[in-house]
Structure formats: structure tokens, C-alpha cells
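This report refers to the structure that appears directly beneath it.
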2 protein chains.
Amino acid sequence: MPPPSLAVMTAVTRETSLGIRQVSEETGLSIDTLRWYEREGLLPLVERSADGRRRYPPGALRFIRLVQALRRTGMPVADVRRFVTLGGGELANHPERMALLEQQCAQIEQRMVELRDDLTVVQAKIAQYRELIARGVDCEDELPDDLLAQISADPRLRGVVPGLPA
Amino acid sequence: MPPPSLAVMTAVTRETSLGIRQVSEETGLSIDTLRWYEREGLLPLVERSADGRRRYPPGALRFIRLVQALRRTGMPVADVRRFVTLGGGELANHPERMALLEQQCAQIEQRMVELRDDLTVVQAKIAQYRELIARGVDCEDELPDDLLAQISADPRLRGVVPGLPA
DNA sequence: GCTTGCGCTGGAGTCCACTCCAGCTCCTAG
DNA sequence: CTAGGAGCTGGAGTGGACTCCAGCGCAAGC
């Protein structure tokens with residue numbers, strides 16, 4: 001049996017498949033980036049319409065979103081490619097693909113912890129500014145209390161740091 | 001009164017201040033990066049020992065950690081510089097510095113949401129592989145159910161997709 | 001039939017954030 | 001006194017991920 005004509009395929013997918021512009025708007029990836037991803041082997045399943053333009057069926061769109069999730073969460077392009085080229089739906093590859101994703105999950109969770117910690121650091125600094133402003137104090141307190149104590153305890157250093165109690 | 005001699009300063013800070021190597025190990029930033037940050041105006045308060053080597057007092061170290069938090073959470077180097085050059089402990093600048101940090105906090109929170117969403121996407125895909133493996137199924141299910149239904153409903157497309165019920 | 005707009009291709013260019021290097025100085029150990 | 005090691009400087013180089021561009025084709029509207 002010959003494959004169904006392109007015309008038939010088109011008839012079926014026209015309504016659901018998207019042009020590159022629409023995908024770009026839908027995903028936030030630039031048109032250039034979509035084309036570049038494809039060249040780089042990150043999007044293997046892009047169809048073409050009769051006149052050679054890209055058509056993205058919904059499956060492709062969802063795949064793009066997965067790729068996007070991987071990229072946004074810091075997976076390097078090379079690793080995404082690895083994941084993608086492992087594709088083709090062969091059962092034998094499923095474990096490795098899964099392993100890659102699980103690894104990425106671990107990365108993400110680690111990243112989330114780091115992010116939380118960094119957020120705490122920034123918030124602490126904000127609190128400090130709030131305090132300084134409230135007290136109308138100019139100086140940064142980059143000097144820790146213990147060093148300040150040390151300095152004021154040392155008569156040779158009297159006057160090094162302004163604003164210390166004599 | 002003349003400023004206290006460098007020797008005296010050194011005597012006080014020797015024990016608490018760190019060399020560049022130690023700071024590198026402490027923070028995970030490479031030695032080159034530390035120097036580069038300094039050149040780029042991200043670390044304005046680096047002291048030098050008598051022979052011209054960098055000495056990082058604890059205040060500097062904590063400042064570096066703040067810079068690191070900002071960088072890791074995605075603040076561009078240029079913005080960190082802006083934040084830093086606003087420094088010097090002048091009261092007038094505190095509001096703007098605070099504003100920058102608050103903006104960054106917002107970014108971080110947004111990023112955390114995005115990260116959670118992306119994690120969900122990846123986890124969903126993992127679940128799907130688990131399912132496919134469990135069922136011993138080869139194919140990706142890149143085709144959504146509705147499209148599958150549409151295809152199997154269309155007699156012209158019988159046979160396009162393998163494994164569909166006739 | 002011509003212009004306008006969208007898309008295509010291959011290749012070059014850009015941006016950011018480091019990273020590496022040559023050639024120097026200083027200090028310490030043997 | 002010399003050999004090795006750590007740091008210093010200014011500048012060049014790198015890697016990753018896009019981003020831009022010239023030159024072309026097709027299709028629709030005037």
C-alpha cells in the first residue's frame with residue numbers, strides 16, 4: 001500500500017499543526033532559535049508543508065516544551081541532543097532516556113535548594129539595609145562585630161574606623 | 001596623626017584575612033574569576049599585603065558570598081557592578097541598592113516557580129517512560145489521544161500509524 | 001506582472017562570562 | 001645562590017548558545 005498522499009496528511013493536520021511563527025509565540029523561543037535547535041538535532045520531528053515550510057504538529061509542540069524545560073533547567077544543548085537522538089521510540093533506549101531525565105531531576109532539585117539559600121542571603125542583605133536606613137546609619141557594616149571589638153580593644157588602632165566608641 | 005603602619009594593620013588582620021587561594025577554595029570561585037571580578041568592579045574592597053598580594057578580610061569574604069548569590073541567581077555581571085559601585089556606605093544610595101536587591105528577589109521567586117513547573121514536566125515524562133517500559137511498548141506517544149482518535153476515525157488513514165486498533 | 005510578506009538556507013557574527021597565558025616579582029627551602 | 005612555587009598584570013582566547021544576515025523561493029493581493 002502506498003503511503004497516503006501529502007495532501008491527505010495535510011488535510012488532517014492543517015487545523016492542528018502550527019507554523020513556525022505560531023510556535024515561536026506559543027513557546028517564547030525565537031524563530032531563529034527554533035531553526036537552530038532543529039539544525040542541532042534538538043527537534044528531530046519537524047514536518048514540512050508542500051512548499052517546504054515547517055509545520056509543527058501538536059506532538060512536536062509538546063516535545064519542544066520538554067526540550068525547553070530541559071534547557072531552562074540548565075541541561076546543556078549537547079545533553080539534550082543526546083537525549084533526543086536516543087529517541088525513535090525504541091524500547092531499548094527507554095531506560096537510558098529515563099536515566100538522563102532522572103539525573104536532570106536531581107540537578108533541578110539541587111538547583112532549587114541553592115536558589116533558596118541564595119534567596120536567603122539576598123533577603124538578609126535587604127533586611128540589613130532596612131535596618132541601616134531606619135537607624136539613619138551611613139556605613140556598611142562589612143566589618144563583623146568581633147573584628148570591630150578587636151579593633152576598639154587595640155589602642156594602636158583607635159581612629160582607624162570612624163564612628164567607634166572611644 | 002599618621003595612619004597606623006601597614007605592619008600594624010597586617011598584625012591585626014593576618015589571622016583573619018585570607019589569601020586568594022583560600023578564598024577560592026572557600027567560595028568555589030576560581031582564582032582567575034576572583035581576579036576578573038575585581039577588575040570588573042564586582043569586588044571593590046580587596047586589600048593588598050605589603051608585597052602586593054591580595055588579602056581578603058572576612059568582610060570581603062562575606063561580600064563575595066553576596067556577589068556569588070547574585071550571580072548564581074542570574075543577575076548579569078553588569079547589574080552586580082551597578083549594585084557594587086553604588087556602594088561605599090553612603091546613606092543616600094541605600095534605597096537604590098535595596099531596590100536592586102528586591103528586584104532580584106522577585107526574579108528569584110519567579111525562577112523558582114518556573115523551575116518547579118519544569119520539574120513537573122520532566123517528572124511527567126519520566127512517569128510516561130516508566131509506563132511504556134512496564135507495558136513493554138516501543139513507541140513514543142508523541143501523538144495525542146485526540147489526534148489518534150481522529151486518525152483512526154478516518155478510513156483513508158488506516159495504517160498510517162502502526163499499532164492502532166482497526 | 002509586480003510588490004510585499006513570510007519562510008528557507010548556510011554561514012558569519014555577537015554576547016557573556018569566564019579561562020588561559022607569557023613574562024614578571026617576591027619569598028622560601030635547600 | 002638558585003630553584004621552585006605562589007601571585008601579579010595586561011591581554012588574548014574559549015565555549016556555549018544563540019542571533020543576524022544575504023540571497024533566494026513561493027503565494028497572495030493590487
Side-chain angles (χ1 to χ4, degrees), chain A residues 6-7 10 13-14 17-57 60 64 67-84 104 107 111 118, chain B residues 6-7 10 13-14 17-57 60-61 64 67-84 104 107 118:
Chain A
L6 190 56
T10 310
T13 56
R14 172 126 11 110
S17 82
L18 303 176
I20 197 167
R21 176 163 303 268
Q22 294 168 293
V23 173
S24 165
E25 280 159 10
E26 198 75 21
T27 59
L29 293 171
S30 80
I31 290 178
D32 270 320
T33 298
L34 283 167
R35 288 199 277 245
W36 185 75
Y37 275 11
E38 191 179 340
R39 266 195 256 176
E40 293 296 304
L42 272 59
L43 305 177
L45 39 75
V46 178
E47 317 270 335
R48 298 300 178 112
S49 68
D51 63 347
R53 302 187 172 196
R54 291 168 178 81
R55 302 260 75 197
Y56 299 82
I64 291 172
V67 167
Q68 230 183 336
L70 295 176
R71 286 290 305 116
R72 268 198 305 245
T73 57
M75 184 183 279
V77 164
D79 294 11
V80 178
R81 178 167 35 237
R82 170 90 187 126
F83 172 79
V84 170
Q104 186 62 11
Q107 296 278 318
R111 186 89 194 78
D118 289 339
Chain B
L6 191 57
T10 309
T13 55
R14 172 128 10 113
S17 81
L18 302 177
I20 196 167
R21 176 164 303 268
Q22 293 168 295
V23 173
S24 165
E25 280 160 10
E26 197 76 20
T27 60
L29 293 171
S30 80
I31 291 178
D32 269 321
T33 299
L34 283 167
R35 287 200 278 246
W36 183 76
Y37 275 10
E38 191 180 340
R39 266 194 256 176
E40 291 295 304
L42 272 59
L43 303 178
L45 38 76
V46 179
E47 317 271 336
R48 298 300 177 110
S49 69
D51 64 347
R53 300 183 174 200
R54 291 168 177 80
R55 302 259 74 196
Y56 298 82
L61 186 57
I64 291 172
V67 167
Q68 231 183 335
L70 294 176
R71 285 291 303 116
R72 268 198 305 245
T73 57
M75 185 184 279
V77 165
D79 293 12
V80 178
R81 178 166 36 236
R82 170 89 188 125
F83 172 78
V84 170
Q104 187 61 10
Q107 296 278 317
D118 289 337

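Because the structure is a prediction, the values reported are computed rather than measured. Quick note on labels: first sequence line is chain A, next is B, and so on, each numbered from 1.
Atom CH2 of B:Trp36 and atom P of C:dC16 are 10 Å apart (whole Å). Going from atom CG of A:Leu29 over to atom C1' of D:dT19 covers 13 Å, rounded to whole Å. In this structure, B:Glu40 atom CD and D:dG11 atom P are separated by 13 Å, rounded to whole Å. One atom, CD of B:Glu38, and another, C1' of D:dG7, lie 12 Å apart when rounded to the nearest Å. In this entry the distance linking CG of B:Leu43 with C1' of C:dC18 reads 14 Å, nearest Å. Taking atom CG on B:Asp79 and atom C1' on C:dA17, their separation rounds to 14 Å, with Å as the unit.
At the phosphate of C:dA17, neither OP1 nor OP2 sits under 4.0 Å from any side-chain N or O atom of B:Tyr37. Distances shown here put every side-chain N or O of A:Arg71 at or beyond 4.0 Å from the OP1 or OP2 atom of D:dG16. For the pair B:Thr33 and C:dT19, the criterion of a side-chain N or O lying under 4.0 Å from OP1 or OP2 is met.
The list of salt bridge (Lys or Arg N to Asp or Glu O under 4.0 Å) pairs with a residue in residues 19-28 of chain A, not counting sequence neighbours, reads A:Glu26-A:Arg65.
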Interface polar pairs with nucleotides 3-10 of chain C, N/O, under 3.5 angstrom:
unit_1: C:dC6; atom_1: O2; unit_2: A:Arg53; atom_2: NH2; d: 2.7
unit_1: C:dG7; atom_1: OP2; unit_2: A:Arg21; atom_2: NE; d: 2.8
unit_1: C:dG7; atom_1: OP2; unit_2: A:Arg21; atom_2: NH2; d: 2.8
unit_1: C:dC8; atom_1: OP1; unit_2: A:Arg54; atom_2: N; d: 2.7
unit_1: C:dC8; atom_1: OP1; unit_2: A:Arg54; atom_2: NH1; d: 3.0
unit_1: C:dC8; atom_1: OP2; unit_2: A:Arg35; atom_2: NH1; d: 2.7
unit_1: C:dC8; atom_1: OP2; unit_2: A:Arg54; atom_2: NH1; d: 3.3
unit_1: C:dC8; atom_1: O5'; unit_2: A:Arg54; atom_2: NH1; d: 3.3
unit_1: C:dC8; atom_1: O3'; unit_2: A:Arg48; atom_2: NH1; d: 3.3
unit_1: C:dT9; atom_1: OP1; unit_2: A:Arg48; atom_2: NH1; d: 3.3
unit_1: C:dT9; atom_1: OP1; unit_2: A:Arg48; atom_2: NH2; d: 3.1
unit_1: C:dT9; atom_1: OP2; unit_2: A:Arg54; atom_2: NH1; d: 3.0
unit_1: C:dT9; atom_1: OP2; unit_2: A:Arg54; atom_2: NH2; d: 2.5
unit_1: C:dG10; atom_1: N7; unit_2: A:Arg39; atom_2: NH2; d: 3.2

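A salt bridge does not link B:Arg82 with B:Asp79: every distance from a Lys NZ or Arg NE/NH1/NH2 to an Asp or Glu carboxylate oxygen is 4.0 Å or more.
Judged by distance alone, the side chains of A:Thr73 and A:Gln104 do bring a donor and an acceptor atom under 3.5 Å apart.
Remark: side-chain polar atoms of A:Gln107 are not paired, donor with acceptor, to backbone N or O of A:Gly74 under 3.5 angstrom. A:Ser17 places no side-chain N or O within 3.5 Å of a backbone atom of A:Tyr56 that could act as its donor or acceptor partner.
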Quiz: residues 37-46 of chain B side-chain donor-acceptor pairs under 3.5 angstrom, not counting sequence neighbours:
unit_1: B:Glu38; atom_1: OE1; unit_2: B:Arg54; atom_2: NE; d: 2.5
unit_1: B:Glu38; atom_1: OE2; unit_2: B:Arg48; atom_2: NH2; d: 3.4
unit_1: B:Glu40; atom_1: OE1; unit_2: B:Arg81; atom_2: NH1; d: 3.1

